[in-house]
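What follows is a short report on a single structure.
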2 protein chains.
Amino acid sequence: MEISIDTSNELPMFAQLIAQIKQAVITGELTAGLALPPIRQLASDLGINQNTVAKAYKVLERDKVIVAKGYKGTFVHDDAKANSVIDWGEKALSIMDSTVLKLRDAGLTDSEIRLAFTAIMKKNH
Amino acid sequence: MEISIDTSNELPMFAQLIAQIKQAVITGELTAGLALPPIRQLASDLGINQNTVAKAYKVLERDKVIVAKGYKGTFVHDDAKANSVIDWGEKALSIMDSTVLKLRDAGLTDSEIRLAFTAIMKKNH
DNA sequence: TTGGTTGTACTGCTTGATCTAATAATACAT
DNA sequence: ATGTATTATTAGATCAAGCAGTACAACCAA
């Protein structure tokens with residue numbers, strides 16, 4: 001499993017990690033049950049911070065691409081291949097898009113829409 | 001018509017203007033057809049910029065609380081009282097709230113929700 | 001028992017980007 | 001003189017991204 005980080009890339013490091021691991025799952029390079037490198041080791045190999053790798057792992061586990069088993073290590077999820085295709089970002093975009101359109105049609109300015117959004121995001125901190 | 005600006009207030013100046021004028025309409029201090037002070041004069045009296053007052057007037061006209069008649073001046077709208085009760089902010093908040101809840105329930109982090117939002121707001125510039 | 005490894009969690013910090021609010025200075029037609 | 005519009009700029013807040021350090025429970029091998 002070859003992972004490389006391009007600091008000049010527009011994409012943040014943790015996003016590059018997520019993309020590459022998902023890609024490896026899709027291509028079949030990573031199959032269900034395989035062990036992934038420990039957070040600290042991968043961070044060390046790439047010369048980046050452990051938190052950055054942990055952040056990527058956390059998202060990947062939320063998306064059920066990997067499974068963390070504590071001291072035992074982290075492994076590729078049984079349904080990794082199917083779950084690697086699901087793009088939460090796309091789903092979020094479409095939902096958010098319809099909402100913004102609705103508010104704009106109501107005559108609200110972008111400034112007011114932003115105010116409403118930030119207010120909601122703060123509410124349940 | 002007494003208007004005062006509190007710079008220490010959390011609310012932006014233009015929002016304070018909007019709130020106070022709407023309030024004056026609701027209480028009956030401002031009735032349909034009454035003339036409002038010119039933008040430049042009100043700005044001068046309050047010691048703030050003309051653009052700030054113009055911004056408030058623009059929103060008030062959009063909400064049909066006031067009517068701008070060019071060189072003739074600006075006046076209280078015929079339906080000002082009814083339109084001052086409508087709270088666009090409340091409507092926007094409830095719509096935005098359900099959307100954010102939906103996305104959070106889908107497992108998205110606040111960070112990702114923010115990314116989706118800013119992406120949409122940029123899309124149709 | 002001792003020491004090391006695992007994922008996880010937390011706080012604090014720096015950097016850069018972005019947006020808002022407000023100001024400033026014009027300009028225009030009526 | 002009126003509302004309207006434009007462009008540019010400043011200051012402040014907010015957030016993402018990443019780094020740094022620390023800590024913990026669970027476990028394993030020596």
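We name chains A, B, ... by the order of the sequence lines, and we start the count at 1 in each one.
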Query raised in the report: Which part of the nucleic acid, if any, lies within reach of E10(B) when heavy atoms closer than 4.0 Å are counted: base, sugar-phosphate only, or nothing?
Result: nothing

Query - Rounded distance in Å - CG (L115(B)) to P (dC19(C)) - result: 12 Å

Query raised in the report: Just how far, in rounded Å, is C1' of dC19(C) from CE of M121(B)?
Result: 11 Å

Requested in this report: Any chance you could measure I66(A), atom CD1, to K22(A), atom NZ, to the nearest 0.5 Å?
Outcome: 10.5 Å

Query raised in the report: dC15(D) P sits how many Å from F117(B) CZ, rounded?
Result: 12 Å

Report task. Would you classify F14(B) as touching base, sugar-phosphate or nothing, given that sugar-phosphate means primed atoms plus P, OP1 and OP2, and contacts are heavy atoms under 4.0 Å? Result -> sugar-phosphate

Requested in this report: Rounded off to whole Å, could you give me the CG-to-C1' distance for the N9(A) and dG18(D) pair?
Outcome: 15 Å

Report task. Give the nucleotide from the list dA21(C), dC19(C), dA27(C) with an atom nearest to the side chain of K122(B). Result -> dC19(C)

Report task. Could you pick out which residue, K58(A) or N51(B), lies toward the 5' side of DNA chain C when each is mapped onto its nearest nucleotide? Result -> K58(A)

**Report entry** Interatomic distance where NZ belongs to K69(B) and C1' belongs to dT4(D) [whole Å]
**Finding:** 17 Å

Report task. Provide, to the nearest angstrom, the distance between the CG atom belonging to N49(B) and the P atom belonging to dA11(D). Result -> 16 Å

Report task. Rounded to the nearest angstrom, tell me the gap between atom CG in L42(B) and atom C1' in dT2(D). Result -> 14 Å

Query - Taking every non-hydrogen atom, the tightest pair across I26(A) and S84(A) - result: CG1-CB, 3.9 Å

**Report entry** Under-4.0 Å side-chain N/O to phosphate OP1/OP2 contact, T7(B) with dA22(C)
**Finding:** no

Query raised in the report: Does V67(B) share a hydrophobic cluster with Y57(B), counting links as ILVMFWY side-chain heavy atoms below 4.5 Å and allowing steps through other members?
Result: no

Query raised in the report: Taking the side chain of A68(B) as its heavy atoms from C-beta onward, which of dT6(D), dG3(D), dA9(C) lies nearest to it?
Result: dG3(D)

Query raised in the report: Is the shortest side-chain N/O distance from T52(B) to OP1 or OP2 of dA22(C) below 4.0 Å?
Result: no

Requested in this report: Indicate whether any N or O donor in one side chain lies under 3.5 Å from an N or O acceptor in the other, for S44(B) and Q41(B).
Outcome: no

**Report entry** Between dA29(D) (C1') and K72(A) (NZ): distance, integer Å
**Finding:** 16 Å

Requested in this report: Classify the nucleic acid contact of K55(A) as base, sugar-phosphate or nothing, counting any heavy atom under 4.0 Å across all strands shown.
Outcome: sugar-phosphate

Query raised in the report: How long is the gap from CG on N49(B) to CZ on R40(B), to the nearest 0.5 Å?
Result: 11.0 Å

Query raised in the report: Which part of the nucleic acid does E112(B) contact within heavy-atom distance under 4.0 Å: base, sugar-phosphate only, or nothing?
Result: nothing

Requested in this report: Assign T118(B) to base, sugar-phosphate, or nothing according to its heavy-atom contacts below 4.0 angstrom with the strands shown.
Outcome: nothing

Query - Salt bridge present between E112(A) and R62(B) (N-O < 4.0 angstrom) - result: yes

Query raised in the report: Contact class for R114(A) (heavy atom, under 4.0 Å): base, sugar-phosphate, or nothing?
Result: sugar-phosphate

Report task. By nearest nucleotide on DNA chain D, pick out whichever of M13(A) and Q50(A) is the more 5' one. Result -> M13(A)

Requested in this report: State whether Y71(A) places a side-chain N or O below 4.0 Å from either non-bridging phosphate oxygen (OP1 or OP2) of dC27(D).
Outcome: yes

